[in-house]
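Letters go in sequence order (proteins before strands), and every chain restarts at 1.
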Number of protein chains: 2
Amino acid sequence: MPRTEEQNQQIRDERREQILQAALKVFARKGMAAAKISDIAAEAGLSHGLVYHYFKSKEDIFVTLVKKALQGSSLVVQYAQQQEGSPLQKLRWMTHMILQHIAGEGAYLFLIMMQAFTSDAIPEEVKQMMDDGLAFSAIKATLPLIKAGQQTGEILQDDPEKLAVLYYSLIQGLAISKIQWKNCPLPDADMVLRLLKAKG
Amino acid sequence: MPRTEEQNQQIRDERREQILQAALKVFARKGMAAAKISDIAAEAGLSHGLVYHYFKSKEDIFVTLVKKALQGSSLVVQYAQQQEGSPLQKLRWMTHMILQHIAGEGAYLFLIMMQAFTSDAIPEEVKQMMDDGLAFSAIKATLPLIKAGQQTGEILQDDPEKLAVLYYSLIQGLAISKIQWKNCPLPDADMVLRLLKAKG
DNA sequence: GTCTATAAATCGATAGAC
DNA sequence: GTCTATCGATTTATAGAC
């Protein structure tokens, strides 16, 4: 007997997610350009033809993943700002969330974003998305927190932009380290925030 | 009248360096896989045929660059250990050197090394080189310094491996940030070392 | 919905003219 | 020493069978 439309829909959703999950790993490990559609298909355990049934192109898959990463990224910053407490406490909360993310599968998403940002091999549409939605939005959203923390004296008196770069560089570097080394020991939030905290 | 052998040799050296310089930029911006030999040729201002006259393959160029990066990297660590002063002073000297490097064209070399480490798209031969020669050697060379610093009380009492990861993550992240943003403000050595220093 | 076979395009690498 | 023309292999993307 034939499948109902609902069952079909469920299968489609599953496959789509399955492909995205596989693509995330492959992209992170090989880079957008080196990743072959057949690699993704193999990782997902299905034929390469089927991948094209669910996504228009390799680029389409990549863009979908970047959007996903952007959403998560901007959400964390948003929540952090709504958190209770001093600027430093908000930063600590955010840092904790990010580190937790990196410890899991989230490190892959960081690498994807980095690739999208660093590499000329990435289409212009995606780069545009980055400028609007993400890392800049994230780093810019952190700036107010840093400045506020400086006013309360919790955070080091120094060029806020320099501090923000320092902070995000460390986060980015940790995500990369996590991927480079199998069981790389990750620090806790306070460890990271030593970079920003005023002596006290 | 014909060129002398010396003149020819000089031309060859120039071209080789010219190609390497161009390849460094292209690889760093596009990644090893996405970088086309024609991109490198264009950046160097000569035909793609000529590139193959000077290098056996694209991989050959990449390997040459990685070796160059490795040499520089291991030299810095070596010099740092020979430096006078306390462990922390040695670390400060090394950090200063690395930051200076990143501020210049050295950031590209960092990206190349990172690619060679992170990406499965890179041939096994190169990966082997990494394990022997480099980042591990660098991070392992830093461990003794950190441990010594802990004994003198200059450095935070915590898992030395965790501290080493923290340190190199930040360095790596800064190199990336430097490439991502045109005029990204870089910190000084003491800023970076706040991560490791004991409260004082 | 899923697979295999195939078309079309791209790019690394070589050969040969100048 | 340098360039242009070309081969061969790989890969994206599609068409059609089941």
Side-chain angles (χ1 to χ4, degrees), chain A residues 1-23 26-27 29-65 119-123 125-126, chain B residues 1-23 26-27 29-65 115 119-126:
Chain A
M1 78 183 159
R3 286 190 287 261
T4 70
E5 178 51 31
E6 279 171 10
Q7 283 173 322
N8 275 335
Q9 185 60 43
Q10 184 180 348
I11 288 180
R12 282 196 290 268
D13 289 346
E14 273 178 20
R15 288 286 169 279
R16 229 186 119 84
E17 199 51 42
Q18 191 177 348
I19 291 170
L20 282 176
Q21 195 70 22
V26 175
F27 279 140
R29 285 201 294 247
K30 296 201 165 188
M32 150 88 175
K36 288 173 287 190
I37 225 78
S38 56
D39 292 331
I40 298 175
E43 176 79 30
L46 30 80
S47 73
H48 52 272
L50 197 57
V51 175
Y52 281 102
H53 192 181
Y54 286 97
F55 291 92
K56 206 176 83 266
S57 62
K58 190 168 76 167
E59 187 183 313
D60 186 22
I61 305 179
F62 191 82
V63 170
T64 305
L65 284 173
S119 175
D120 284 359
I122 268 64
E125 179 208 348
V126 185
Chain B
M1 75 183 157
R3 285 190 287 263
T4 70
E5 179 49 32
E6 279 170 10
Q7 283 173 323
N8 275 335
Q9 185 60 43
Q10 185 180 348
I11 288 180
R12 281 196 291 268
D13 289 346
E14 272 178 20
R15 287 289 169 278
R16 229 185 117 85
E17 201 51 42
Q18 189 177 348
I19 292 170
L20 282 176
Q21 195 70 22
V26 176
F27 279 139
R29 287 199 293 244
K30 297 204 164 188
M32 150 87 175
K36 287 174 286 191
I37 225 75
S38 57
D39 292 331
I40 298 174
E43 175 81 30
L46 28 80
S47 72
H48 53 273
L50 197 57
V51 175
Y52 281 101
H53 192 186
Y54 286 98
F55 292 91
K56 205 174 85 267
S57 63
K58 191 168 75 165
E59 187 184 312
D60 186 22
I61 305 178
F62 191 81
V63 170
T64 305
L65 284 173
Q115 283 176 19
S119 175
D120 285 359
I122 267 65
E124 204 50 41
E125 180 208 350
V126 185

- Query: For Ala35(A), which contact category applies under a 4.0 Å heavy-atom criterion: base, sugar-phosphate, or nothing?
  - Reply: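 It contacts sugar-phosphate atoms only.
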- Message: Mind checking if Ala34(B) touches a base, just sugar-phosphate, or nothing, with heavy atoms under 4.0 Å?
- Response: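 No contact.
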Nearest-Å distance for atom pair [atom1]/[atom2], residues [X] and [N]:
X	N	atom1	atom2	result
Lys30(A)	dT10(D)	NZ	C1'	13 Å
Phe62(B)	dG12(C)	CZ	P	14 Å
Arg16(A)	dG1(C)	CZ	P	12 Å
Ile37(B)	dC11(C)	CD1	P	12 Å
Lys58(B)	dG12(C)	NZ	C1'	8 Å
Asp39(B)	dT10(C)	CG	P	14 Å
Glu6(B)	dG1(D)	CD	P	14 Å

- Query: Does Tyr52(B) put a side-chain nitrogen or oxygen below 4.0 Å from OP1 or OP2 of dT14(C)?
  - Reply: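 No, no such contact exists.
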- Query: Any ion pair linking Arg29(A) and Glu43(A) (charged N to carboxylate O, less than 4.0 Å)?
  - Reply: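 Salt bridge present between Glu43(A) and Arg29(A).
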Quick test: give all pairs of protein nitrogen or oxygen and nucleotides 2-4 of chain C nitrogen or oxygen below 3.5 Å, distance rounded to 0.1 Å.
unit_1: dT2(C); atom_1: OP1; unit_2: Arg15(A); atom_2: NE; d: 2.7
unit_1: dT2(C); atom_1: OP1; unit_2: Arg15(A); atom_2: NH2; d: 3.0
unit_1: dT2(C); atom_1: OP2; unit_2: Tyr54(A); atom_2: OH; d: 2.8
unit_1: dC3(C); atom_1: OP2; unit_2: Ser47(A); atom_2: N; d: 3.1
unit_1: dC3(C); atom_1: OP2; unit_2: Ser47(A); atom_2: OG; d: 3.1

- Item | Test item: Gln18(A) and Tyr54(A) side chains (from C-beta on) under 4.5 Å apart, heavy atoms |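 Sidechains of Tyr54(A) and Gln18(A): no contact.
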- Item | Gap separating the CD1 atom of Ile40(B) from the CZ atom of Phe62(B), nearest 0.5 angstrom |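 Result: 10.5 Å between the selected atoms.
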- First locate atom CD1 of Ile37(A), then atom CZ of Phe55(A), and finally report the distance between them rounded to the nearest 0.5 Å.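 Ile37(A) CD1 to Phe55(A) CZ: 10.0 Å, rounded to 0.5 Å.
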- Test Asp13(A) against every option in Arg15(A), Arg16(A), Gln10(A), Gln9(A) by the side-chain hydrogen bond (donor to acceptor under 3.5 Å, both in side chains) rule and name the one that passes.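 The passing option is Gln9(A).
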- Task: Step through the shown structure and confirm whether more than 12 heavy atoms of other residues, nucleotides or ligands are within 6.0 Å of CD on Glu14(B).
- Result: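 More than 12 heavy atoms, drawn from other residues, nucleotides or ligands, come within 6.0 Å of this atom.
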